[in-house]
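Written out below as structure tokens is the structure these notes cover.
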There are 2 protein chains.
Amino acid sequence: MAEHKKRFETVIQKLKDRGCKITPQRLGIVKILTESEGHPTVEDIYSRIKKEFPTMSLATVYRNIVLIKSCGEVLELGFPDGSNRYDGYKPYPHPHVICIKCKKVVDPDLDSLEGMKKEVSTETHFKILTHRLDFFGICSSCQEKNE
Amino acid sequence: MAEHKKRFETVIQKLKDRGCKITPQRLGIVKILTESEGHPTVEDIYSRIKKEFPTMSLATVYRNIVLIKSCGEVLELGFPDGSNRYDGYKPYPHPHVICIKCKKVVDPDLDSLEGMKKEVSTETHFKILTHRLDFFGICSSCQEKNE
DNA sequence: TTTTCTGCAAATGCTTTGCATGGGA
DNA sequence: TCCCATGCAAAGCATTTGCAGAAAA
């Protein structure tokens with residue numbers, strides 16, 4: 001997973017360039033975000049780092065996410081129920097497939113999206129800047145469990 | 001706008017069938033939801049009905065939306081910043097184009113979505129149940145204003 | 001040493017809920 | 001009359017913010 005490490009370095013460098021200080025908490029947050037295993041929630045990040053730094057505060061997680069978002073280095077997948085997820089590995093808009101049972105998040109490859117963007121632009125005369133596409137369903141292992 | 005009126009009747013009938021009482025507040029909420037002009041927010045609904053019923057409470061709007069959602073008769077467009085919007089005219093999942101300046105919401109016609117759903121299903125082995133697709137950009141009138 | 005960052009706690013903003021009253025059917 | 005619905009206020013929850021002390025650089 002050299003790619004994840006590269007992302008980690010990129011984000012840290014960008015923060016340094018901005019004059020931000022590199023604290024252990026910040027390092028931990030960037031590491032988890034860029035690994036992006038399972039597209040972690042704020043709570044995921046918080047509890048993982050709390051193991052190493054028991055004084056870790058939720059506010060610090062939130063503040064760092066705001067910071068890294070402002071650098072454009074993390075994609076926020078906001079959900080209205082407050083279960084937001086973050087992707088610092090692929091920080092640009094891309095489609096997601098989400099299992100409504102186990103909450104797993106998968107990134108599919110979709111060729112047709114670019115064409116769709118043009119289609120929308122032509123039809124509505126909007127200048128399209130970004131998008132959000134989520135599919136919700138049941139993943140294969142949850143289908144087998146068949147509950 | 002006979003279609004909107006038909007939707008209104010459908011929803012009211014469904015509520016009656018459920019044994020719900022038809023109060024003036026509820027009528028107002030269903031009317032605004034099924035007209036769905038501009039995909040209203042909770043606050044839109046609240047302030048419009050408050051003109052007729054000054055005692056109207058926000059809690060009543062929320063409770064009725066929960067009720068109507070549970071009938072599958074309104075689509076909730078949830079946003080993480082709490083500016084949720086509702087569509088009782090087309091209560092099924094469909095793409096939206098949203099102006100980030102004036103917050104206008106437009107429903108485009110997209111043929112390619114069904115194919116995309118199959119593509120995702122084949123690739124990920126998920127059983128796809130629903131989806132959410134939003135495009136964000138700048139509408140033509142906001143482009144002219146050019147701010 | 002200087003400036004930013006962190007941890008804590010209080011504040012915020014949307015949404016939900018408990019409870020007593022009011023109003024459909 | 002009998003419940004369901006409403007209004008109000010309090011409670012919930014995720015997130016943000018103010019402030020003083022801690023830690024990068």
Side-chain angles (χ1 to χ4, degrees), chain A residues 11-33 39-71 74-86 103, chain B residues 11-33 39-71 73-74 76-86 103:
Chain A
V11 177
I12 293 295
Q13 191 54 51
K14 203 150 184 176
L15 290 173
K16 282 181 182 167
D17 294 346
R18 278 212 174 190
C20 297
K21 294 176 177 171
I22 304 303
T23 65
Q25 294 93 327
R26 185 161 283 167
L27 273 173
I29 292 167
V30 172
K31 187 159 180 290
I32 293 173
L33 284 177
H39 300 65
T41 64
V42 166
E43 200 57 44
D44 292 335
I45 298 167
Y46 173 61
S47 55
R48 278 186 58 183
I49 299 182
K50 207 177 170 75
K51 285 179 191 161
E52 252 184 289
F53 296 87
T55 64
M56 182 71 183
S57 139
L58 257 181
T60 297
V61 180
Y62 280 109
R63 273 189 282 234
N64 274 283
I65 286 178
V66 168
L67 172 69
I68 300 166
K69 266 201 294 182
S70 77
C71 301
V74 68
L75 179 72
E76 182 176 56
L77 279 186
F79 294 96
D81 69 342
S83 64
N84 293 4
R85 287 158 167 273
Y86 296 87
K103 310 296 175 195
Chain B
V11 177
I12 293 294
Q13 191 54 51
K14 203 150 185 176
L15 291 173
K16 282 181 182 167
D17 294 347
R18 278 213 173 188
C20 297
K21 294 175 179 172
I22 304 304
T23 64
Q25 294 92 329
R26 184 161 284 167
L27 273 173
I29 292 167
V30 172
K31 187 160 180 290
I32 293 172
L33 284 177
H39 301 65
T41 64
V42 166
E43 201 56 46
D44 291 336
I45 298 167
Y46 173 62
S47 55
R48 277 186 57 184
I49 300 183
K50 206 175 170 77
K51 285 179 190 162
E52 251 183 289
F53 296 87
T55 65
M56 182 70 182
S57 138
L58 256 181
T60 297
V61 180
Y62 280 108
R63 274 190 282 235
N64 274 282
I65 286 178
V66 169
L67 172 69
I68 301 167
K69 266 201 293 184
S70 76
C71 300
E73 294 296 343
V74 69
E76 182 175 56
L77 279 185
F79 294 96
D81 68 343
S83 64
N84 293 4
R85 287 158 167 271
Y86 296 88
K103 310 297 176 194

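In what follows, chains are A, B, ... by sequence order, proteins preceding strands, each numbered from 1.
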Separation of atom CZ in Arg18(B) from atom P in dC3(D), rounded to whole Å: 20 Å
Whole angstrom value for the distance that separates C1' of dC14(C) from CD1 of Ile45(B): 14 Å
Pair Thr60(B)-Arg26(B), side-chain contact (heavy atoms from CB on, under 4.5 Å): steps then yes or no: CA-CA 8 Å; Thr60(B) 297; Arg26(B) 184 161 284 167; over 6 Å; no
Below 4.0 Å: OP1/OP2 of dG7(D) and any side-chain N or O of Thr55(B): yes
Within 6.0 angstrom of Glu52(B) CD, more than 12 heavy atoms from elsewhere: no
Identify each atom pair where a protein N or O and an N or O of nucleotides 16-19 of chain D are less than 3.5 Å apart, giving names and distance.
from	atom 1	to	atom 2	distance (Å)
dG18(D)	O6	Arg63(A)	NH1	3.2

Nearest-Å distance for atom pair CD1/C1', residues Ile65(B) and dA5(D): 16 Å
Nucleotide-resolved protein contact map, nucleotides 20-25 of chain D, B/S/- at heavy-atom distance under 4.0 Å: ----BS
Most 5' of Gly19(B) and Lys50(B) on DNA chain D, judged by nearest nucleotide: Gly19(B)
Spacing between Asp44(A) atom CG and dA14(D) atom C1', to the nearest angstrom: 15 Å
Interatomic spacing from CZ in Arg63(A) to CD in Gln25(A) - rounded to 0.5 Å: 11.0 Å
Under-4.0 Å side-chain N/O to phosphate OP1/OP2 contact, Gln25(B) with dG23(C): no
Criterion side-chain contact (heavy atoms from CB on, under 4.5 Å) on Leu27(A) and Ile22(A), from CA distance to verdict: CA-CA 7 Å; Leu27(A) 273 173; Ile22(A) 304 303; 3.6 Å; yes
Presence of Ser57(B) side-chain N/O under 4.0 Å of dC8(D) phosphate oxygens OP1/OP2: no
Side-chain heavy atoms of Met56(B) within contact of Val61(B), under 4.5 Å: yes
Under 3.5 Å: donor-acceptor pair, side chain of Arg85(A), backbone of Leu77(A): no
Inter-residue atom distance Leu33(A).CG - Asn64(A).CG, 0.5 Å rounding: 8.5 Å
Nucleotide dC4(D), atom P - distance to CG of Leu15(B) in whole Å: 15 Å
Nearest-Å distance for atom pair CD1/C1', residues Ile68(B) and dA5(D): 13 Å
Length of the CD1-P vector between Ile12(A) and dC5(C), whole Å: 12 Å
Point-to-point distance, once rounded to the nearest 0.5 Å, from SG of Cys71(A) to CD of Gln13(A): 12.0 Å
side-chain contact (heavy atoms from CB on, under 4.5 Å) evaluation trace for Tyr86(B) with Glu76(B): CA-CA 5 Å; Tyr86(B) 296 88; Glu76(B) 182 175 56; 2.8 Å; yes
Closest-nucleotide ordering on DNA chain C, the 5'-leading residue of Asp81(B) and Arg26(A): Arg26(A)
For atom CG of Leu67(A) and atom P of dT4(C), their distance in whole Å: 13 Å
